[in-house]
Amino acid sequence: MGLALLQAAGIGFLVFVLVVLVVAVYLFFSAVKIVKEYERGVIFRLGRVRGGPKGPGLFLLFPLVDNMVKVDLRTVTMDVPPQDIITRDNVPARVNAVVYFRVVDPNKSVIEVENHVLATSQISQTTLRSVLGQKDLDDLLTNREAINNELQRIIDEQTDPWGVKVSTVEVKDVEIPQQMQRAMARQAESERERRAKIIAAEGEYQASERLRQAADRLDSPTALQLRLFQTMGEIAVNQNSTIILPVPIDLFRPFLRDEARDGAARRPAEEVRSAGE
């Protein structure tokens, strides 16, 4: 009987020692905290924040009294889910974006908001719908940089009380209906045709100006004859068997004047002759 009691006492002592060792190991690991280079620790002592964020390094906490919450300071890349919007000119579109943000005040990110990543995501979605709903489709497609800056400014103002800094917001893709895409393609084609017609008309106008200037320079018969000789030289280079030579009427004007003068002189003589008969 005594031996059994001793054995029971020994087993109980071993169990007690084992429990003490387990509790000691648990308290040791709960008291020792390691904060990495890209992390900061917010320490709560009996529910109250103890100073500013701690880290990086090794920290000893009071077991069952202190509690540490680790906050990641690295930049988070978050995809904003596609949002269905109606632009100001009543065009339906589907838009998605990406947001880059990081925690700059670990205390605020833990105290002021329950989950700063989820809160930033929700703010980004609502801001994306509200801002893009006030833009025309043309602005949404062309003024992408200005829209990104406006989104970044608005989201950053709303997340600043949470200790979150939004560095960049980029609208990645804008999906519009197929009918609208075809209409925009027809509009672009019509715009290209209009530009082509304007360029052709401008070319005709410039050509007419040059021709008028050339006509002014060729007003002299000598210049016209020189141009005629130059044209004959250009035609002869091609070794054509038939050459059509335009002769300006100015070359015959002296002969026409002499013939008209002779005709005028013969007409009074004929009249005198007919009167004498």
Side-chain angles (χ1 to χ4, degrees), residues 26-88 93-135 139-140 143-174:
Y26 171 77
L27 293 177
F28 175 77
F29 281 104
S30 62
V32 176
K33 296 295 182 181
I34 298 176
V35 179
K36 298 178 181 179
E37 183 69 28
Y38 56 85
E39 294 178 335
R40 294 295 182 271
V42 180
I43 300 177
F44 292 88
R45 175 166 294 177
L46 297 178
R48 293 184 178 183
V49 177
R50 180 188 171 190
K54 308 299 181 180
L58 179 66
F59 297 91
L60 294 177
L61 306 179
F62 291 103
L64 305 178
V65 177
D66 292 343
N67 182 29
M68 175 181 286
V69 179
K70 296 181 181 180
V71 180
D72 197 331
L73 300 183
R74 292 176 294 183
T75 300
V76 179
T77 303
M78 182 181 62
D79 283 331
V80 180
Q83 304 295 314
D84 294 325
I85 64 171
I86 302 294
T87 59
R88 189 169 59 179
R94 190 175 179 87
V95 183
N96 60 349
V98 59
V99 179
Y100 298 88
F101 66 93
R102 61 185 180 89
V103 176
V104 294
D105 192 337
N107 285 10
K108 288 184 179 180
S109 67
V110 175
I111 298 173
E112 300 295 336
V113 64
E114 179 180 2
N115 188 337
H116 66 274
V117 176
L118 179 61
T120 304
S121 176
Q122 296 298 321
I123 284 293
S124 301
Q125 295 179 33
T126 55
T127 304
L128 188 67
R129 288 196 299 268
S130 62
V131 171
L132 298 186
Q134 301 174 3
K135 305 295 182 181
D139 294 338
L140 187 59
N143 299 330
R144 190 72 62 87
E145 183 176 359
I147 293 176
N148 293 337
N149 293 333
E150 183 177 358
L151 289 172
Q152 185 271 333
R153 179 182 57 81
I154 295 175
I155 298 175
D156 184 55
E157 290 178 355
Q158 295 176 346
T159 58
D160 183 69
W162 306 335
V164 176
K165 172 63 178 178
V166 178
S167 58
T168 306
V169 179
E170 293 287 342
V171 177
K172 294 198 299 184
D173 190 19
V174 178

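Just so it is clear, the model here is predicted, and its values are computed rather than measured.
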* Which distance, rounded to the nearest 0.5 Å, do you find between the CD1 of I154 and the CG of N149? -> 11.0 Å
* Structure fact -> Nearest heavy-atom approach of P106 to S109 is O-OG, 2.7 Å
* Kindly indicate whether the side chain of R45, heavy atoms from C-beta on, has any atom under 4.5 Å from the side chain of V65. => yes
* With R102, which residues qualify under salt bridge (charged side-chain N to carboxylate O under 4.0 Å, His left out), at least two apart? -> none
* Determine yes or no for a side-chain-to-main-chain donor-acceptor pair under 3.5 angstrom, with Q83 supplying the side chain and P81 the backbone. => yes
* Structure fact -> Between V171 and R144, the two heavy atoms sitting closest are O-NH1, 3.0 Å
* Asked: At what distance, to the nearest 0.5 angstrom, does CZ of F59 lie from NZ of K54?
  -> 7.0 Å
* Structure fact -> Smallest heavy-atom separation, M78 atom then V117 atom, equals SD-O, 4.0 Å
* Report the residues that fulfil salt bridge (charged side-chain N to carboxylate O under 4.0 Å, His left out) with D139, sequence neighbours left out, ordered by chain and then residue number. => none
* Asked: Would you say the side-chain atoms of T168 pair up with the backbone N or O of Y100, donor to acceptor, closer than 3.5 Å?
  -> no
* Are more than 12 heavy atoms from other residues, nucleotides or ligands located less than 6.0 Å from atom CZ of F44? -> yes
* Asked: Roughly how far, to the nearest 0.5 Å, is CD of E150 from CD1 of I155?
  -> 10.5 Å
* Asked: Can you name the nearest heavy-atom pair linking V99 to V80, along with the distance?
  -> CG2-CG2, 3.6 Å
* Test log, rule side chain to side chain contact (heavy atoms under 4.5 Å, CB included), inputs V103 and L73 -> CA-CA 5 Å; V103 176; L73 300 183; 4.3 Å; yes
* Asked: Roughly how far, to the nearest 0.5 Å, is the CG atom of L140 from the CZ atom of R88?
  -> 11.5 Å
* Asked: Can you tell me if D156 uses its side chain to pair, donor with acceptor, with the backbone of V166 under 3.5 Å?
  -> yes
* Is there a donor-acceptor pair under 3.5 Å between the side chain of T159 and the backbone N or O of V164? -> yes
* Structure fact -> Rounding to 0.5 Å, atoms CG (D105) and NZ (K165) come to a distance of 13.5 Å
* So, the side chain of T127 versus the backbone of S124: is there a donor-acceptor pair under 3.5 Å, distance only? -> no
* Shortest non-hydrogen separation from N96 to P82 and the atoms involved -> CB-CA, 3.9 Å
Atom pairs and distances, side-chain donor-acceptor, residues 31-43, under 3.5 Å, sequence neighbours left out:
from, atom 1, to, atom 2, distance (Å)
E39, OE1, K36, N, 3.4
R40, NH1, E37, O, 3.1

* Considering all heavy atoms, the nearest N148-V169 contact -> CB-O, 3.2 Å
* To do: Look up atom CD in Q122 and atom CG in N115, then write down how far apart they are to the nearest 0.5 Å.
  => 10.0 Å
